[in-house]
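Naming: A, B, ... by sequence-line order, numbering from 1 per chain.
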Amino acid sequence: MTRVLDVENLRVSFPDTGKNRVYPVDGVSLSLDRGETLALVGESGCGKSLTSLALLRLVPSPGRIEEGSAIRLGGTDVLALQGEALRKIRGRRIGMIFQDPMTSLNPVFTVGNQIAEGVRAHFDVSKSEAWQRALKLLEEVGIPDPAARLDSYPHQLSGGMRQRVMIAIALSAEPEILVADEPTTALDVTVQAQILEVLDRLRDSHGMAVLLITHDLGIVAGRADRVAVMYAGQIVEEAPTDRLFARPSHPYTQGLFASVPRITGPVGRLSPIGGSVPPPGAWPGGCRFRPRCPQAFEKSETMPPLLPVETDHRMRCWLAENGADASD
Amino acid sequence: MTAWLARRITQAVVTFGVAVALMFVLMRLAPGDPLSRMQEDRMMDPAEIAKTRAIFKLDQPIHRQFAAFVKGVLRGDLGLSIEHGLPVNTLLASRIGPTLLLGGATILLNFTLGLWLGVRQAVRRGSREDRTLTALSLAGYATPSFWLGLVLAWLVGIKLHWLPVAGMQSPLLAPDAPWLARAADIGAHLVLPALTLSIVTIAGTMRYQRAALLEVLRLPYIGTARAKGIPERAVIWRHAWRNALFPVITLFGLWLPLLVTGAVFVEMVFAWPGLGSLAAGAALGRDYPLVMGTALLAAGLVVTASLLTDVAYALLDPRVRYT
């Protein structure tokens, strides 16, 4: 396995009141191997989108990536890049798909124009060659009558078609990593399935690694190789997908599963997790899930590190120390 | 597109007609008429006044006057100025050139330099440069144009002798001088009035452009553009500015009519032979034909400007439908 992405101790901060800073992303470490799919799962406001933006140094001002963070793309130290060198990794090494296809395409340029622009940003090709590649990309993402669609404006396409165009843009410079930030959240359920199918197919045919960011455990199963669950700026549990689904161990992960409706098993009420993710700056000391956790105990008042549950399976909870996870 | 344009033009013509008719009626509803003033000033005898009234058809009912006016307009004849004793056409023709030159230079300056500065401010939001430019442009905006004009005329013209401060052409320049020399002369005369007008108005363009661009820079498609790896210059000017142009086009449409009547003070300070001072004098003296002539021009510009704005939107924004 070739490691294509390594993130270590990523911290992103924003100014708060006065001279204080808050850390919506607070010490995230993750890695991606070639061809692998990692799902980053969490509720709104947990820092998962900001983590993905940080990979391309697109954290919006006045936010900044803190000293001591490390992001490596193969042998490239992303945090040391400046200007042109930084531009060259955007799109070329990592392609990005954003959440809302309605607002993620520029309304005044044609679809072909916006895809060809990505091609020409990284390859020294003529306009017509770039246009040819754009056509091929539209075919690949499964847009009917692609030649005619090149001249369409975004407002002439449906949400699903627009998201396909976004995928084509993300693939325009043939990146080795694709970051998909809630790629289906804004779409109808039937369209969601189609978009995910396109993503799966392209990941396999292009041999890309995928970082799939979602709040929806339903789309993770059968798609991701590994899952990292994020809560309040930190990764709280990480495991291969089948193991996580078989044995969700962190109380937060268990809460997430308990709030997903199931077809099998006894009929009963869904049990949502009480409360909501506190905003950065209002995080409690110790374990950040403590105020919402049904199993919190004295030790939760100190922050737990990521502790092993079983092989390749770790969680940020003191319960792991007992050799027993929270479900016992 | 053609049908849309035809409909839009018809609409413009109707608007124009209504505006001119309103001006005509309102002017006559105001107390006094052009000759009542002459009565005070020159003690003309009543018989003579009555005769003059008849010449200018002021003794007729308003609908007759309007019919005569419309007939004249359709023939291209705007009548005789009561104050100047010259055809309104001749008066307007002699003044419109200088006015368009001054207004055009001001708008050109505002919509090139002003837009560029506004974009810089938005991109460097909150920086020292942004704050300094805001302060300077607002200070300019708050300055009365006649005062600034006088100060600039005194400083640059009288003290430093750098530039001429009155009129549009040097009286010493031979009328058969080569065109380049004459153009340079007019250009030198243009600098101070255009600069004055620009300084007191450019804040509008800058703030509009700054706000519009900031609005666009927050949008997700700017993130898409950056994530594609195109140069930041292209992100700003191609992706963001292109979309931040629409509010500015509206502003441009609103400003265009000010070309004709907006520069009264500045024209007076710099003795610029433009329409502004002519229109102001005509309104004070109730010179009906001349007032209607300038009103016609102003209404024409307003309607044309809004038509141009709509066409510009239609051409630049693919989402605008021609319905």
Side-chain angles (χ1 to χ4, degrees), chain A residues 49 52-53 55-62 83-111 113-123 151-156 162 165-166 169-173 175 178-179 181 186, chain B residues 1 119-131 209-210 212-250 309-323:
Chain A
S49 290
S52 72
L53 289 175
L55 299 182
L56 283 183
R57 299 264 302 276
L58 288 171
V59 172
S61 166
E84 186 69 355
L86 181 59
R87 177 187 79 71
K88 279 185 175 155
I89 66 155
R90 291 178 176 165
R92 182 73 183 95
R93 306 288 296 275
I94 302 183
M96 279 238 179
I97 304 169
F98 294 100
Q99 178 166 350
D100 186 0
M102 295 299 170
T103 53
S104 295
L105 293 170
N106 195 321
V108 302
F109 297 118
T110 60
V111 161
N113 192 327
Q114 296 188 55
I115 303 172
E117 188 182 33
V119 176
R120 292 194 14 120
H122 297 285
F123 303 115
D151 293 321
S152 295
Y153 286 95
H155 72 275
Q156 296 165 323
R162 288 190 215 188
V165 172
M166 274 302 296
I169 290 175
L171 296 182
S172 61
L178 183 66
V179 176
D181 184 0
Chain B
M1 173 91 189
V119 169
R120 279 186 73 93
Q121 281 189 282
V123 172
R124 293 163 180 72
R125 174 192 202 172
S127 67
R128 183 185 298 264
E129 182 184 339
D130 178 27
R131 280 173 294 155
Q209 180 66 90
R210 178 180 182 274
L213 196 69
L214 282 177
E215 196 66 30
V216 172
L217 284 174
R218 290 188 306 113
L219 295 174
Y221 59 77
I222 299 302
T224 307
R226 287 212 175 96
K228 250 188 244 185
I230 59 176
E232 185 64 16
R233 211 175 44 252
V235 173
I236 299 295
W237 288 101
R238 220 173 100 74
H239 284 265
W241 187 66
R242 192 46 216 285
N243 282 283
L245 201 55
F246 298 115
V248 177
I249 290 173
T250 308
T309 309
D310 281 3
V311 172
Y313 263 91
L315 290 178
L316 288 172
D317 191 340
R319 288 162 299 181
V320 173
R321 292 199 187 167
Y322 316 115
T323 45

- Proximity breakdown for A/Leu58 and chain B, heavy-atom pairs closer than 4.5 Å: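 Just its side chain gets close to chain B.
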
- Using non-hydrogen atoms only, which part of A/Met102 is less than 4.5 Å away from chain B: side chain, backbone, both, or neither?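 When you check distances to chain B, no heavy atom of A/Met102 falls under 4.5 Å.
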
- Task: Determine the option with the most heavy-atom pairs under 4.5 angstrom with chain B, choosing from A/Gly95, A/Ala121, A/Pro107.
- Result: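 Heavy-atom pair counts peak at A/Pro107.
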
Over all heavy atoms of both residues, which pair between [X] and [Y] is shortest? Give the atoms and the distance, please.
X: B/Ile230; Y: B/Ala234; result: CD1-CB, 4.1 Å
X: B/Pro247; Y: B/Ala212; result: CG-CB, 3.7 Å
X: B/Ala122; Y: B/Leu214; result: O-CD2, 3.5 Å

- Message: Is B/Leu316 in contact with chain A via its backbone, its side chain, both, or neither, using a 4.5 Å heavy-atom distance?
- Response: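 Backbone only.
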
Measure the spacing between [atom1] of [X] and [atom2] of [Y] and express it to the nearest 0.5 Å.
X: A/Leu56; Y: A/Leu86; atom1: CG; atom2: CG; value: 8.0 Å
X: A/Ile94; Y: A/Leu55; atom1: CD1; atom2: CG; value: 5.0 Å
X: A/Leu105; Y: A/Ile169; atom1: CG; atom2: CD1; value: 5.0 Å

- Would a 4.5 Å heavy-atom cut-off, applied to side chains only, mark B/Glu129 and B/Gln121 as touching?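 No - every pair of side-chain heavy atoms lies 4.5 Å or more apart.
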
- Would you indicate whether the side-chain heavy atoms of A/Val165 and A/Pro154 approach each other to under 4.5 Å?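 They are not in contact (no side-chain heavy atoms under 4.5 Å apart), so the answer is no.
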
I'd like a table of all donor-acceptor pairs linking chain B to chain A (distance under 3.5 Å, no angle check), giving the atom names and the distance to one decimal.
residue, atom, partner, partner atom, Å
B/Tyr221, N, A/Thr103, O, 3.1
B/Thr224, OG1, A/Ser104, O, 2.7
B/Ala227, O, A/Gly91, N, 3.0
B/Lys228, O, A/His122, NE2, 2.8
B/Lys228, NZ, A/Gln114, O, 2.9
B/Lys228, NZ, A/Glu117, OE1, 2.7
B/Gly229, O, A/Arg87, NH1, 2.7
B/Arg238, NE, A/Glu117, OE2, 2.8
B/Arg238, NH2, A/Asn113, OD1, 2.9
B/Arg238, NH2, A/Glu117, OE2, 3.4
B/His239, O, A/Asn106, ND2, 3.2
B/His239, ND1, A/Asn106, ND2, 3.0
B/His239, NE2, A/Glu117, OE1, 2.7
B/His239, NE2, A/Glu117, OE2, 2.9
B/Asn243, ND2, A/Asn106, OD1, 2.8

